[in-house]
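Quick note: numbers below take in every heavy atom, side chains included, and nothing from hydrogens, waters or symmetry partners. Note that this is a predicted model, so its numbers are computed, not measured.
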Amino acid sequence: MKKLLFVLFTLFSLNALAVDPTQGPLQQDPALCAYGYNPNCYPRNNVKLPPSPIPNIITKFYEKYVALTYTRDGTPLFHRDIYYLDIDVGFLESSDWERMSILALNKCNKNSQYAPCKSSNLAAILDGCIAVIESQNKFYADAGRGCEEAKKVAMRRCQKTDSKPKSCKIYALEQP
């Protein structure tokens with residue numbers, strides 16, 4: 001009986017020693033070389049490691065903005081909204097300003113009270129501002145880093161192009 005137990009114990013022991021978990025079919029798969037499971041992968045210098053986990057960094061991927069459109073009767077209409085940035089870029093590009101204006105124009109046109117609307121191609125974010133100057137039922141608008149800058153630029157435009165430069169007055173100042 002002792003011999004039988006010894007033989008069974010030996011067989012189970014050899015079976016356990018015969019299975020090498022690092023030499024299974026998955027570990028020999030060349031697709032797993034990048035993860036370091038296959039020790040037979042060559043050349044080791046060109047092995048791409050799996051991407052490291054992204055740290056939990058809170059990053060803002062949106063900007064609050066205000067954009068200007070004109071209603072069907074030519075009245076300025078401001079739109080406040082949030083613009084989501086391209087995550088790969090992380091900052092505003094020149095095409096983003098156009099997209100903000102298009103989004104504002106689409107919102108204006110959805111409202112039948114104002115449609116059809118015209119775009120002003122003006123948008124401002126965070127510390128930016130849009131100033132609208134009125135003179136003889138005409139509107140002159142410009143954007144700037146702050147409201148004072150926007151107001152000065154829009155006022156200069158009004159006084160330069162209007163037939164009665166003294167009639168230029170502030171219609172509205174808008175910030176996000």
Would you check if [X] and [Y] make a side-chain contact, meaning some heavy-atom pair closer than 4.5 Å?
| X | Y | result |
| --- | --- | --- |
| Tyr140 | Asp162 | yes |
| Asp142 | Arg157 | yes |
| Thr69 | Lys118 | no |
| Asp81 | Tyr65 | yes |

Out of curiosity, [X] [atom1] to [Y] [atom2], how far, rounded to the nearest 0.5 Å?
| X | Y | atom1 | atom2 | value |
| --- | --- | --- | --- | --- |
| Met100 | His79 | CE | NE2 | 14.5 Å |
| Arg156 | Cys168 | CZ | SG | 13.0 Å |
| Leu105 | Cys117 | CG | SG | 6.5 Å |
| Lys138 | Thr161 | NZ | OG1 | 7.5 Å |
| Asn137 | Thr75 | CG | OG1 | 9.0 Å |
| Ser119 | Tyr70 | OG | OH | 9.5 Å |

Donor-acceptor contact present, side-chain Ser120 to main-chain Leu68, <3.5 Å: yes
Within the distance-only criterion (no hydrogens, no angle test), does the side chain of Arg72 pair as donor or acceptor with the backbone N or O of Gln113 below 3.5 angstrom? yes
Between Ala154 and Ala131, what is the shortest heavy-atom contact and its length? CB-O, 3.9 Å
Between Lys151 and Glu148, is there a salt bridge with N-O shorter than 4.0 Å? yes
Out of curiosity, does [Y] fall in the hydrophobic cluster containing [X] (side-chain heavy atoms, cut-off under 4.5 Å, transitive links)?
| X | Y | value |
| --- | --- | --- |
| Tyr171 | Val66 | yes |
| Leu122 | Tyr114 | no |
| Val153 | Ile130 | no |

Can you confirm whether Arg80 is buried at CZ, in the sense that more than 12 heavy atoms of other residues, nucleotides or ligands lie under 6.0 Å from that atom? yes
Determine, step by step, whether Cys129 and Glu174 satisfy the side chain to side chain contact (heavy atoms under 4.5 Å, CB included) criterion, reporting the C-alpha distance in whole Å, the side-chain angles of both residues, the deciding distance to 0.1 Å, and the verdict. CA-CA 6 Å; Cys129 185; Glu174 285 290 324; 5.8 Å; no
Val132/Phe78 under side chain to side chain contact (heavy atoms under 4.5 Å, CB included): CA gap, chis, key distance, verdict: CA-CA 10 Å; Val132 179; Phe78 291 99; 3.5 Å; yes
Do Ser135 and Ser167 pair up side chain to side chain, a donor and an acceptor below 3.5 Å, judged on atom types alone? yes
